[in-house]
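I have placed the structure first, in the form of C-alpha cells, so that the comments after it can refer back to it.
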Amino acid sequence: MSDLEEHAFMPIKITARSTDKPHEIAADLVVIGVWTQSAAKKSKGAYAAADAALGGALGKLAAHEEFTGKAEQQLSFPTSGKLPATTVIVLGLGGRDLNAAGAIRSFAARASRCANAEKAKTVVVAVPDGWETKVRTLVEGFELGAYRFAKYLTGDRKPKSEIVAVTFTAEKRFLPDAKKQIDLGQIIGHGVNVARDLSNEPPNVIYPKTLADAAVHEGKKHGFKVVVFDEKEIEKRGMHLIHAVGRGSTHGPRLVHLSYTPSKKAKKRLVFVGKGITFDTGGISIKPAQGMGEMKHDMSGAANMVGLMVAVAALKPQVEVHALMACAENMPDGNAYRPGDIWGSLDGKTVEIINTDAEGRLVLADALAYGAALEPDMMVDNATLTGACVVALGTTWSAFYATNEDTRGKFAAALKQSGEQMWHMPLVDEYKEQLKSECADLKHTGERWGGSITAGLFLKEFIGKTKNWVHCDIAGPASTERPYAWHARGATGHGVLTFLALVERSAK
Ligand code: BES
Ligand code: MN
Ligand code: ZN
C-alpha cells in the first residue's frame, strides 16, 4: 500500500426532468424533499402523489412516526413492489425560509447518502418547490454526499454498490441551462472530492514529494500548469523557513506552484496559498500521542489548492489563478529545527523559533512572500493553523481575517454564495507586541490567548506589498469526526467552494 494510485472514478449520470409523478420513474430509490408546510397539506406535490399511488400508506407511516417534515426528519418506506422503486425516502426540510446554498447542498447530500446506505444504483430525487432553479448546488451536494474514502477497505468492508445515475425532478420547469448547471455542479463536486481524497490519504502515502506528484498528475489531466521546487531549490531561493520545518524529515519539503491563465485577457490575478504539512508531530516540541493521527489532515490547505485548480481549469474563468502549496513534514530528529533557532526567510526578515509545533505559519510565511511577488489583486491563504481557532469557533466553523473592509466584503460575498461556514475575526494590531523578539526581527508565536489572531498577525508580516489579503484558519472544519451537512467522516475540502466562488466573482 505505498502507491498513490487513483480511484476508479465513475462519474454519476445526472439528469433533470419536470414531472409531478417522480415515483413513476423506474429507479432503486426515490427521495422526496418536503417542507413542513407541504407535509401538512398532503394535497399536492411529489409526497402527496407518492402517497396516493401507495393508497395512503405513506401518510399512515408518517402519522405513526410523527413525521411532519421537520429538518433532519426522515421517513423510509419499502414499497414491496407497489412502485417501481424498492424504497421511497421522504426527507424533512423544515420551514420554507431555508433558501441558503448550504441548505440546498445539504439536502442533495442527504439524498446521495441515503442512496449509498440503500445500495441504490439508480436514484430519483424530487426537489421541493423553488429549488428547481438551483440545479448546480443540488448536483454539488449529490456528488459531495456520495463521497466515501474506501480505497483501503477490503473484502466485506468494501462498499458493495456505487450510484450510477440520478434524476432530479421538480413539478415546475427546470431552467433552460439545467444541463450546463449539471456539468458545473459535477466539476465543482469533483474538485472538492479531489481535495478530500488527498487529505484522507495516510501520511505514509502522502508526504511532500507524493503530494507534489499528485498535483502534477492532476495538472496534466485537467490542464493547469504545475512547477515543483524541491528541497535544494527551496534553499537556493531563500525559503529558509520552509526548509527549516522540513529538516527533521527524511521526506524533504516542496513548494508547489499551480497556475491557470485564461486564453482571453484576465480581469484579475488571484493567488491562493495552502498549508501542506503532510504530518505534524509537533517536531521537537512534540505533541501528545492522543489524536496525533488526525494530523495527517494538516495538509488540507494544500490539498484544497489541487481541488480548486481542478475546478478552475474546467470552468475556465477570465481570471489568472495561482495556487501555492507549502509542503513539509514536521518531525523530531537529530537534524530537526529547534526552539531557540533563528532562521531567515524569503521576505528577508529573521525569525526566532519559539515552539516547533507552530510550523504552519513558518511554511506559509515563505509561500506568502513568494505569492506577494506575483503581485496579485488579492491573495488568500488557508491553513489548519491553530487549536486556538477551534476553541474559539468549534469544529464546523473556520475563521477568516482580512486586511481591509473592501476585501472582507468581497470574501463575505463569496461565502454567501458558497454557503460555507467561516466567521470574520479581527487582526488586532495591539497584539503585535507579542511577536517582538530580543534577538531576531520576529518571534514566531505569541501568548496562549488569542492564538489564532497572533498567528494571523505573524503571517501578515510576510505579505509584502499585497494590499488585499485574506487568511483562513480552517483547523476546525478541515476534517470531521461525524458526518454533517454535505460531509462524510474525514476530510471535508472546506474552503474550496468559497475560493471558487471568489474566482468566479472576480471574472465579472
Ligand atoms: N496543525 C496544528 C493546528 C491544529 C490543531 C490543526 C488542531 C487541527 C486541529 C498547528 O500546527 C499547531 O500545532 N498549532 C499550535 C500552535 C502553538 C504551538 C502556538 C497549536 O495550536 O497548539
Ligand atoms: Mn503544529
Ligand atoms: Zn500544523
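Just so you know, ligand 1 is whichever comes first in the structure, and atom 1 is the first atom listed for that ligand.
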Donor-acceptor contacts under 3.5 Å from residues 288-297 side chains, at least two apart:
{"unit_1": "Lys296", "atom_1": "NZ", "unit_2": "Asn200", "atom_2": "O", "d": "2.7"}
{"unit_1": "His297", "atom_1": "ND1", "unit_2": "Ser199", "atom_2": "O", "d": "3.1"}
{"unit_1": "His297", "atom_1": "ND1", "unit_2": "Ser199", "atom_2": "OG", "d": "2.9"}

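- Side-chain contact check for Thr454 and Gln434: no donor-acceptor pair (N or O, by modelled atom type) lies under 3.5 Å.
- Between the side chains of Asn468 and Asp377, not a single donor N or O lies within less than 3.5 Å of an accepting N or O.
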Step by step, would you call His222 with His217 a ring pair (Phe, Tyr, Trp, His ring centres under 6.0 Å)? CA-CA 9 Å; His222 296 278; His217 176 80; 8.6 Å; no
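- For the Mn ion (ligand 2), the neighbouring protein N/O/S atoms at less than 2.8 Å, given as residue and atom, are Asp280 OD2, Asp357 O, Asp357 OD1, Glu359 OE1.
- Compare Arg361, Lys287, His444 by their heavy atoms: the one nearest to atom 19 (C) of ligand 1 is in Arg361.
- Looking at Ala358 next to ligand 1, no N or O pair under 3.5 Å apart turns up.
- Note on ligand 1: Arg448 sits outside its first shell, no heavy atom being nearer than 4.0 Å.
- Ring-plane geometry between Phe411 and Phe499 is classed as tilted, the angle between the planes lying from 30 to 60 degrees on a 0 to 90 degree scale.
- Within ligand 1, counting atoms from 1 as listed, the ones closer than 4.0 Å to a heavy atom of Thr384 are 1 (N), 2 (C), 3 (C), 6 (C).
- Shown are Phe400, Phe272, Tyr401; of these, the ring pair (Phe, Tyr, Trp, His ring centres under 6.0 Å) with His471 is made only by Tyr401.
- Within the sub-2.8 Å shell of the Zn ion (ligand 3), the protein contributes these N/O/S atoms: Lys275 NZ, Asp280 OD2, Asp298 OD2, Glu359 OE2.
- For His257 and Tyr370, the side-chain atoms include at least one donor-acceptor pair closer than 3.5 Å.
- Looking only at atom types and distance, the side chain of Thr384 has a donor-acceptor partner in the side chain of Asp298 under 3.5 Å away.
- Among protein heavy atoms, the minimum distance from atom 2 (C) of ligand 1 is reached at Asp280 OD2, 3.6 Å.
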Could you go through the side chain to side chain donor-acceptor pair (under 3.5 Å) check for Glu201 and Tyr152 one step at a time? CA-CA 9 Å; Glu201 285 287 345; Tyr152 295 104; 2.5 Å; yes
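- Each of Lys268, Lys225, Arg269 was checked for a salt bridge (Lys or Arg N to Asp or Glu O under 4.0 Å) with Glu320, and the lone residue meeting it is Arg269.
- In this structure, atom 21 (O) of ligand 1 lies nearest to the protein heavy atom Gly387 N, 2.7 Å.
- Close approach to Glu359 involves these atoms of ligand 1, each under 4.0 Å from a residue heavy atom: 11 (O).
- Inter-residue side-chain proximity for Ser506 and Lys508 is flagged as unmet; no heavy-atom pair is nearer than 4.5 Å.
- Considering only heavy atoms from C-beta on, Trp343 comes within 4.5 Å of Tyr337 through its side chain.
- Note on ring orientation: taking the six-membered ring where Trp is involved, the planes of Phe462 and Phe458 are tilted (angle from 30° to 60°).
- Checking only distances, Lys275 does come within under 3.5 Å of ligand 1, N or O to N or O.
- Ligand 1 has no N or O atom lying under 3.5 Å from any N or O atom of Asn355, backbone or side chain.
- For the pair Arg196 and Tyr147, the distance from NZ or CZ to the six-membered ring centre is under 6.0 Å and the angle to the ring normal is within 45 degrees.
- Of the candidates Gly451, Gly282, Ala475, the one placing a heavy atom closest to atom 6 (C) of ligand 1 is Ala475.
- Nearest to atom 10 (C) of ligand 1 among the protein's heavy atoms is Leu385 O, 3.3 Å.
- The protein atom (non-hydrogen) at minimum distance from atom 15 (C) of ligand 1 is Asp357 O, 4.0 Å.
- Contact annotation: Met295 has at least one heavy atom less than 4.0 Å from an atom of ligand 1.
- Residue pairs meeting the salt bridge (charged side-chain N to carboxylate O under 4.0 Å, His left out) criterion with at least one partner in residues 463-492, sequence neighbours excluded, are absent.
- Stacking of Arg254 on the aromatic ring of Phe229 is not recorded, the 6.0 Å distance cut-off and the 45° axial limit not both being met.
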